[in-house]
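In what follows, a single structure is set out as structure tokens and then discussed.
Here the structure is a predicted model, which is why all the values come from computation and not from measurement. Reckoned from all heavy atoms, side chains included, excluding hydrogens, waters and symmetry mates.
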Amino acid sequence: MLDMSTRPEAADTLQEAAADLQHTLVDLVDLSLQAKQLHWNVAGPLFKPLHELLDDFSAEYREWSDTVAERLAAIQIAPDGRVTTVGRDSLVEPVPAGRVADRDVPHMLYDRLSGVTSRARERMQRLGDVDLASQDVLVEIVRGLEKQKWMVDVQRS
């Protein structure tokens with residue numbers, strides 16, 4: 001658990017850190033599911049490179065979500081990545097059902113990455129005042145999300 005016993009607002013501070021981490025967990029779980037949905041349904045001449053890119057991105061989201069969940073557990077907060085929680089709490093716009101044209105995938109992914117990255121950056125900044133170890137987790141995730149955003153942005157035409 002965070003050692004904030006010298007601070008009177010320790011319980012509130014712990015809850016702030018936990019809330020930011022939990023919201024990030026939800027974003028990442030949803031993003032991983034949406035990347036897989038696009039991975040399975042992309043259609044068109046760019047199928048293969050997009051299919052592979054989406055698979056790689058989804059794996060990164062799962063890895064990052066595991067890191068966030070383990071950080072929550074380390075501060076004695078039960079992480080909640082259940083589908084009902086993700087469905088209820090996610091702010092990530094859902095991708096459409098069915099086939100998605102390859103030309104549309106970079107735009108869809110960029111929009112979703114932009115939102116998740118922006119929210120993760122805001123949380124990362126707040127955590128700097130609350131818990132540096134949790135902030136460090138989000139620093140790495142924001143770095144990775146921004147790299148992905150750049151990789152997708154150059155594919156938009």
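- The side-chain contact (heavy atoms from CB on, under 4.5 Å) search around Q155 returns L50, L53, P106, not counting sequence neighbours.
- Under the salt bridge (Lys or Arg N to Asp or Glu O under 4.0 Å) criterion, D30 pairs with no residue at all, not counting sequence neighbours.
- Take Q135 and apply the side-chain contact (heavy atoms from CB on, under 4.5 Å) test, not counting sequence neighbours, and it matches M124, L127, L132, V139.
- Every residue two or more places apart in sequence or in another chain that forms a ring-ring contact (aromatic ring centres under 6.0 Å, His included) with H51 is listed here: H39, F47.
- Residue pairs satisfying the ring pair (Phe, Tyr, Trp, His ring centres under 6.0 Å) criterion with at least one member in residues 95-152, sequence neighbours excluded, are absent.
- With sequence neighbours left out, E52 forms a salt bridge (Lys or Arg N to Asp or Glu O under 4.0 Å) with K48.
- Contacts of D80 classified as side-chain contact (heavy atoms from CB on, under 4.5 Å), with partners at least two apart in sequence or in another chain: Q22, R82, T85.
- The salt bridge (Lys or Arg N to Asp or Glu O under 4.0 Å) check on D89 picks up nothing, with sequence neighbours excluded.
- R156 contributes no side-chain N or O that, together with a main-chain N or O of V152, makes up a donor-acceptor pair within less than 3.5 Å.
- Of the inter-residue distances, the one linking F57 atom CZ with L31 atom CG reads 9.5 Å to the nearest 0.5 angstrom.
- Applying the salt bridge (charged side-chain N to carboxylate O under 4.0 Å, His left out) rule to pairs touching residues 133-146 yields R121-E146, E140-R143, sequence neighbours excluded.
- Residues R71 and D131 have side chains in contact (heavy-atom distance under 4.5 Å, counting atoms from C-beta outward).
- Residues satisfying the salt bridge (Lys or Arg N to Asp or Glu O under 4.0 Å) test with D66, not counting sequence neighbours, are none.
- By the side-chain contact (heavy atoms from CB on, under 4.5 Å) test, T67 is found to be paired with V137, residues two or more places apart in sequence or in another chain being considered.
- Linking Ile, Leu, Val, Met, Phe, Trp and Tyr whenever their side-chain heavy atoms come within less than 4.5 Å leaves V116 and V83 in two separate clusters.
- Atom NE2 of H23 sits about 11.5 Å away from atom CD of E122, to the nearest 0.5 Å.
- Proximity of L145 to Y61: side-chain heavy atoms (C-beta onward) are separated by under 4.5 Å at one or more points.
- With contacts defined as side-chain heavy-atom distances shorter than 4.5 Å, the pair I141/L28 qualifies.
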For this session: Take R62 and S32, measure what side chain to side chain donor-acceptor pair (under 3.5 Å) needs, and give me the verdict at the end.
Result: CA-CA 6 Å; R62 286 191 311 271; S32 75; 5.7 Å; no
Throw together a table of side-chain donor-acceptor distances under 3.5 angstrom for residues 92-103, partners on residues two or more places apart or in other chains.
from: R99; atom 1: NH1; to: W40; atom 2: O; distance (Å): 3.3
from: D102; atom 1: OD2; to: L46; atom 2: N; distance (Å): 2.6

